[in-house]
Structure formats: structure tokens, C-alpha cells
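First the structure, in the form of C-alpha cells, and then the observations on it.
As a basis for the values below, the full set of heavy atoms in this structure was taken, side chains included, without hydrogen atoms, waters or symmetry mates. Because the structure is a prediction, the values reported are computed rather than measured. One is the number of the first residue; the rest follow in order along the sequence.
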Amino acid sequence: MRAVYKVVGYDRQTEKLAVTFDVPWTQIAQAQSIAGIETRDDMQAGDWELTPQQSLEIAHLIRAPLDLARYDFFLEPYVLDGESLP
């Protein structure tokens, strides 16, 4: 299974998906590390909520202009080639 990752932002007022930013393949491991995915026992396959500090660090990593005042950000995997996550 191949997955790509995106940083997605949900509007705090409407709770609807509002913005997405691709995480380059070469930076996925570092983005996961910043998000603390490998150290969190409570996470399952799916999206990971980012703290404001994690959001800023990943924004710097992927050079994305994240509006922390307006959106709540998550790191989300998307599967390629029609496969599904476990």
C-alpha cells in the first residue's frame, strides 16, 4: 500500500474542510515525527490532529502558509492505487 499525506485544515466556524497542502514524499517521515505519530498509542489509521506548534513546524517543513487562527489542522493519509488503509 502506498499512501500520500496532506495537511488539511478545517474551518473552526463551519467545521468543514477548507484547505489542503500536500506533504512531499521525501518529507512524510519527518512530518510524521513532528506529529508524534510513532509515539502515540491512541491513534489509529486515519487523521492525526496537530497542535498549533506541530502545525507551525510542519508548515515550515512543507513551506505552506497555515492560518492557525482560522483553521484546525490535521495530518491525513490518502491511499494511492485504489487500496485502502487497514
Side-chain angles (χ1 to χ4, degrees):
M1 168 179 61
R2 291 187 311 153
V4 296
Y5 281 79
K6 296 179 184 273
V7 173
V8 299
Y10 291 89
D11 188 288
R12 288 192 177 143
Q13 299 295 322
T14 66
E15 297 184 0
K16 291 183 180 180
L17 177 64
V19 295
T20 64
F21 301 94
D22 293 334
V23 177
W25 179 255
T26 57
Q27 296 172 321
I28 289 174
Q30 191 171 356
Q32 288 175 320
S33 178
I34 291 168
I37 291 171
E38 70 279 354
T39 62
R40 291 178 62 174
D41 295 333
D42 62 332
M43 301 309 290
Q44 299 175 10
D47 58 345
W48 290 273
E49 185 172 4
L50 300 172
T51 67
Q53 182 61 39
Q54 290 168 326
S55 297
L56 287 174
E57 289 180 36
I58 292 175
H60 179 72
L61 175 71
I62 66 172
R63 297 186 176 111
L66 304 187
D67 184 349
L68 297 177
R70 187 169 178 189
Y71 306 113
D72 292 318
F73 288 97
F74 294 78
L75 183 63
E76 295 187 355
Y78 291 84
V79 178
L80 299 177
D81 300 329
E83 297 179 27
S84 60
L85 292 172

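The side chain to side chain contact (heavy atoms under 4.5 Å, CB included) check on Arg70 picks up Asp11, Asp67, with sequence neighbours excluded.
Pairing each heavy atom of Val23 with each of Ala31, the nearest pair is CG1-CB, 4.1 Å. Summarising the geometry of Leu68 relative to Pro52, their closest heavy-atom pair is CD1-O, 3.8 Å, with the distance given to 0.1 Å.
Put simply, CD1 on Ile37 and CG on Leu75 are 5.0 Å apart, with the number rounded to the nearest 0.5 Å. Between Tyr5 atom OH and Ile58 atom CD1 the span is 11.0 Å, to the nearest 0.5 Å. Atom OH in Tyr10 sits 11.5 Å away from atom CZ in Phe73 (nearest 0.5 Å). Rounding to the nearest 0.5 Å gives a distance of 8.0 Å between CG of Asp47 and OH of Tyr78. If you take CG on Leu66 and NE2 on His60, they are separated by 12.5 Å, rounding to the nearest 0.5 Å.
Summarising the local packing, CD of Gln30 is surrounded by 12 or fewer heavy atoms from other residues, nucleotides or ligands at distances under 6.0 Å.
Distance alone, capped at 3.5 Å, is enough to place a donor-acceptor pair between the Gln27 side chain and the Leu61 backbone. For the pair Gln54 (side chain) and Thr51 (backbone), a donor-acceptor distance under 3.5 Å is present.
Here salt bridge (charged side-chain N to carboxylate O under 4.0 Å, His left out) pairs that include residues 15-34, with residues two or more places apart or in two chains, are Lys6-Asp22.
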